[in-house]
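Just below is one structure, and these are the notes that go with it.
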Amino acid sequence: MPKAEEKKLVARANRTFEESLKEAGIKGAVAVLADGVEMDVRDVPTAEVTIQPVFTETTMGLKVLRHSAAHLLAQAVTELYPDAKPNAGPPTDDGFYYDIDMKPVNQEELSQIEGRMRELASKNLRIDKHRLSKKELLQKFSHNPYKVDKILENVEDGGYSTAYSQGNFVDFCKGPHVPSTGFLRSIKLLTVASTHYKADESRPMLVRIYGTAFPDDKTLKEFLHNREEAMKRDHRKIGQEMDLLVFNSEWAPGFPFYTPNGFILKQELTNFMRGLNLKHGWQEVATPHIFKDLIWKQSGHYAKYKPNMFLFTLPDGDSYGVKPMNCPGHVTIFAREPKSYKELPVKYSEAGTVYRYEKSGEMGGLTRPRMFTVDDGHAFLRLDQIISEIKDIISMTKETYSTILGEPTLTFDLSVIDKDAPENYLITYRCKDCGTEAEARKTSMAEALICPNCSSTHLEPDFATWDQATDQLRKALEEEGISYTENPGEAAFYGPKIDVHVRDALGRSWQLSTIQVDFFMPTNFGLYYINSESKHDRVIMLHRAIFGSYERFMAILIENYAGKFPTWMSPMQVYVVPVSEKFVDYAAKVHEELLRNDIRSTLDSNQETMNKKIKTIRPRRPSYIIVVGEKEEESGTVSVRNRLDKQKVLKLEDFVIQLNKEIKSRSLKQNI
RNA sequence: GCCACUGUAGCUCAGCAGGUAGAGCAGCUGAUUCGUAAUCAGCAGGUCGGGGGUUCAAAUCCCUCCAGUGGCUCCA
């Protein structure tokens, strides 16, 4: 088998790469990289060129493999369903899909399609490239309007492009592809979904078939195994096993209910965050859940968020909205009295529960509920205070993740303005004629802005505030030694922002923390402070959340730990089992001693066998199971079994001391 | 919202060429008094997601509503 290591060779002119590779004794390449361009192995260079073979063990090779697997899928489908019209079939991060205009397929048909794919793969059909003119292509694909669209969009008039054939199947495609279908033996079709053509709801529905392909059966099996493991860790499944949350789809669809166990977990996280906030100067506040619609109109949420808000009108005619965000509440508190420049920054935090109407198809477990609690924070700052505040928040995120998730990999994104499209943002415009400045957001390029003072249309955007804020974000990141990706055009319309992504134990990346600079809301609410010259000055607002949403964070924790939480946040820290009823008294004594020491203990004094008790409590995932019988009672000890099923006997006092230490220090590991 | 699939006891699931509901676990009662992943026996538990229709007869077929799951970003 060829290794994925870098091999370079010089390919001869006027011969296929395949031949040059063969001469060099290299087998199994699915494509080649010639001067950085991916090409088919059967392409023929007109001049000598240095090439690098591409193998399926590399990301690039895997992509080629999966793209070809998508073609194989389309071939199988069109053979089984001659009326089916394939649209597009790209590779994805962990497989491929193909969107096809056809009758919806069920599970059984999916297996048939997969079976046909295997047959075609075992035939090892040659995959050939054909260079065709636009006219020829249009003719060849005239029966398939989707392909016609693509040809019209992608091939210039009088131009040429390529099609690939295998057996009787032909697809319009720029490639590259594996040389023959024999490379596509380790495949699996996964799910059927549906999608609108070009993701446009007004266009026809297409059937999307997801599948995956690997270089060999071993890696495919590994993938399928991991996929199953991930499904076993699904927070909805474990949440039910541990009795953390319940949904009542009839009475409150999309709204999580915390059971006693789930509320313990949430409280532990809240307590952690409360401590962190206090340590970093964030004062805790609480705000109403319902406001008159006036505030939502003034904050700008109404314009943007109305379709996602729970709104109602009372008999007296007053209209109210349930909060989808906490900021207006914090603004109300900040605005209660004028602030001096000496008082800033003012920082408010709240575990604020917000409500957003999510469309029925977009809800899902704890990751997309209609109610969630944000560890929300709003800082009211002077422009020159951004940098130090950002740095401090970054240190809060690091402290949070290292305490709760160990040392996960963090990646940072800096989303900044796209200066070529100022109409997307709230910006200060300056009048070239009279010098008046105005904060505005154009709704489109076409619409001209008018100077509020002299009615001139000679306004130009002034990026100074944006630049200054963005520079401070950049500087904060750099001073913290953080490498980051800068994304132009990804900023919020009201300001630039930093997003933090966290990689969990399953290798999945989640966007959790966000730090956003906001020029908009202070403008809308007329927030100011009094500067050293007794003049009003602009307040900058910072929105920040570290967990993001408690619910989503809990879902990630459940899946990250497979429910086996660090003891400090575990709803059931100790489960006490007497060997038989004779020892219930001693078990009760142990249990009470634990409770006295603020340890969450549960005593099982039921008339069941010890074995059965241990068996049935497992899904609840207690941090420790304690078994006590004659030996323990006589010696004042406990027999402890930890999350890894390791057993140990120790004195009750020692157990309490060690466990207390483990809990108080928020240890991720078990001491016992 | 759109498309597909699914909805039977607290949980996991069987029953569906139409004849009026079944298992295991959990629960309750009793026996057993047990050394680290199921002791035994008995009992109870469901207007089969809601509504409408077809039929002598519907969990099963049809319509409709509700809910859950996967997908609706990756464009030859």
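Lettering follows sequence order; numbering is per chain, from 1. Hydrogens, waters and symmetry mates play no part in the numbers below; they use all other heavy atoms, side chains included.
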Please determine whether a side-chain nitrogen or oxygen atom of Lys612(A) lies at a distance below 4.0 Å from atom OP1 or OP2 of C25(B). no

Can you see if the side chain of Arg368(A) gets near the phosphate of G71(B) - specifically, an N or O under 4.0 Å from OP1 or OP2? no

Can you confirm whether Gln670(A) sits close enough to Tyr624(A) that some side-chain heavy atom of one is under 4.5 Å from a side-chain heavy atom of the other? yes

Which of the following nucleotides, G35(B), C34(B), A37(B), is nearest to the side chain of Lys631(A)? G35(B)

Do any side-chain nitrogens or oxygens of Tyr575(A) fall under 4.0 Å of OP1 or OP2 in A37(B)? no

Mind checking whether Phe223(A) and Phe214(A) have parallel, tilted or perpendicular rings, split at 30° and 60°? tilted

How long is the straight-line distance from CD1 of Ile238(A) back to CD of Gln240(A), given to the nearest 0.5 Å? 11.5 Å

Identify the heavy atoms of Val64(A) and Pro176(A) that sit nearest to each other, and give their distance. CG1-O, 3.8 Å

With rounding to whole Å, what would you report as the distance between C16(B) and C62(B) at their P atoms? 16 Å

If pairing means Watson-Crick or G-U wobble with both distances under 3.5 Å, then the partner of G1(B) is C72(B)

Is there a side-chain contact between Gln240(A) and the phosphate of U12(B), meaning an N or O under 4.0 Å from OP1 or OP2? yes

OP1 or OP2 of C3(B) less than 4.0 angstrom from a side-chain nitrogen or oxygen of Arg208(A), does that happen here? no

With nearest nucleotides of RNA chain B determined for Ile626(A) and Glu581(A) from heavy-atom distances, which residue corresponds to the more 5′ nucleotide? Glu581(A)

Using atom C1' of each nucleotide, how far apart are U60(B) and C74(B) to the nearest Å? 42 Å

Using the P atom in both, what is the distance from A23(B) to C61(B), to the nearest Å? 23 Å

